[in-house]
Amino acid sequence: IYCVGTLNVTGTDFIENIGQYGGAIIAYGADITITECNFSKNTSTSGIGGAMYIRSGDSEDLVSTVTITDSSFTENSSTGSGGALYIKAGSSVTINGSTFTGNTAVNSGGAIYCLGTISGSGNTFTGNTTSSETKDGGGAIYVSAGNVSLEDTDFVNNSAKFYGGAIYAQDSVLSFDGCEFNGNTA
């Protein structure tokens, strides 16, 4: 799905989709709501967002806002960064009650690569990985010049070959409340 506008998706499975950018969904200046959906084994061949590529444009009219609730992202992959989600600058993603399991990226952000804003609560990141020995890392989340604010979120057994088994942050603002980091390695 390529979306410029509004998209509401509920109770839908996105399985084994392949795309140059965002294997299942590309958001460009979009307002997207995803509820109780399953994203599994989607792939980005260009290396940007295995399941979703979320970007904003150069004007205020093209800002992407995505809300993800009670959804799962499992075994999505990217040949570059953002195994499940790739979030560009100017974009905002709210994630609640969702799971990110076994997602992989070669370079950075096994589950999420973020240059924008992530917020939410009640999420679980388990077994997400990056495999490059020369890139930054962030087994679960890579964030650069962005903002991450998460509550009651667990990061378990995520890994990166380089830095940040759970999270790699550069020039960013991070806030964690009631979160658990357990068994992450780099």
Side-chain angles (χ1 to χ4, degrees), residues 22-24 34 37-44 47-54 66-89 91-186:
I34 296 169
C37 291
N38 170 40
F39 292 81
S40 180
K41 298 181 181 178
N42 299 288
T43 303
S44 165
I48 296 180
M52 293 181 68
Y53 174 47
I54 303 157
V66 177
T67 302
I68 300 168
T69 306
D70 299 331
S71 295
S72 64
F73 293 81
T74 307
E75 296 180 10
N76 299 286
S77 63
S78 171
T79 57
S81 298
L85 308 179
Y86 190 107
I87 305 164
K88 289 284 280 185
S91 300
S92 176
V93 178
T94 302
I95 307 167
N96 293 307
S98 296
T99 60
F100 292 81
T101 308
N103 299 288
T104 60
V106 172
N107 294 335
S108 302
I112 299 174
Y113 183 93
C114 178
L115 303 172
T117 300
I118 301 170
S119 63
S121 67
N123 302 297
T124 303
F125 291 82
T126 306
N128 301 288
T129 63
T130 62
S131 58
S132 176
E133 294 185 15
T134 60
K135 298 297 179 179
D136 296 326
I141 298 173
Y142 171 96
V143 58
S144 178
N147 297 293
V148 175
S149 178
L150 294 171
E151 298 177 359
D152 302 318
T153 294
D154 296 336
F155 295 87
V156 180
N157 296 330
N158 300 287
S159 64
K161 290 274 184 176
F162 209 44
Y163 294 123
I167 296 172
Y168 178 95
Q170 176 179 323
D171 301 323
S172 300
V173 177
L174 307 176
S175 173
F176 299 101
D177 184 8
C179 296
E180 178 180 336
F181 293 82
N182 186 355
N184 302 288
T185 59

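Treat the numbers as computed from the prediction; the structure is a model and nothing was measured.
Of all non-hydrogen atoms in Ser44 and Gly49, the two that sit nearest each other are CB-O, 3.3 Å. Nearest heavy atom pair, residue Asn107 against residue Ser81, reads CB-OG, 3.5 Å. In this structure, Phe162 and Asp136 approach most closely via the heavy-atom pair CB-O, 3.9 Å. When all heavy atoms are compared, the tightest approach of Ser91 to Ile54 is OG-O, 3.6 Å.
For Tyr86, there are no side chain to side chain donor-acceptor pair (under 3.5 Å) partners two or more places apart in sequence or in a different chain. Applying the side chain to side chain donor-acceptor pair (under 3.5 Å) rule to Ser132 yields the partners Thr134; only residues at least two apart in sequence or on another chain are considered. Residues passing the side chain to side chain contact (heavy atoms under 4.5 Å, CB included) test with Ser71 are Ile34, Cys37, Ile68, Phe73, Ser98, sequence neighbours excluded. Listed by chain and residue number, Asn182 satisfy the side chain to side chain donor-acceptor pair (under 3.5 Å) test with Glu180 (two or more places apart in sequence, or in another chain). Scanning for side chain to side chain contact (heavy atoms under 4.5 Å, CB included) contacts around Ser92 gives Thr117, with sequence neighbours left out.
Note on ring orientation: taking the six-membered ring where Trp is involved, the planes of Phe155 and Phe176 are perpendicular (angle over 60°, cut-offs 30° and 60°).
For the residue pair Ser72 and Asn38, a side-chain donor N or O sits within less than 3.5 Å of a side-chain acceptor on the partner.
Pairs passing the side chain to side chain donor-acceptor pair (under 3.5 Å) check and including a residue from residues 162-172, sequence neighbours excluded, read Tyr168-Gln170.
Under the 4.5 Å side-chain criterion, counting only non-hydrogen atoms from C-beta, Leu85 is in contact with Ile95. Two residues are said to be in side-chain contact when any heavy atoms from C-beta on lie closer than 4.5 Å; Ile141 and Leu150 meet this criterion. Within the 4.5 Å cutoff, the side chain of Val93 has no heavy atoms near those of the Met52 side chain.
With hydrogens and angles disregarded, no donor-acceptor distance shorter than 3.5 Å links the side chain of Asn184 to the backbone of Gly139. Listed for the Asn103 side chain is a donor-acceptor partner under 3.5 Å among the backbone atoms of Asn76.
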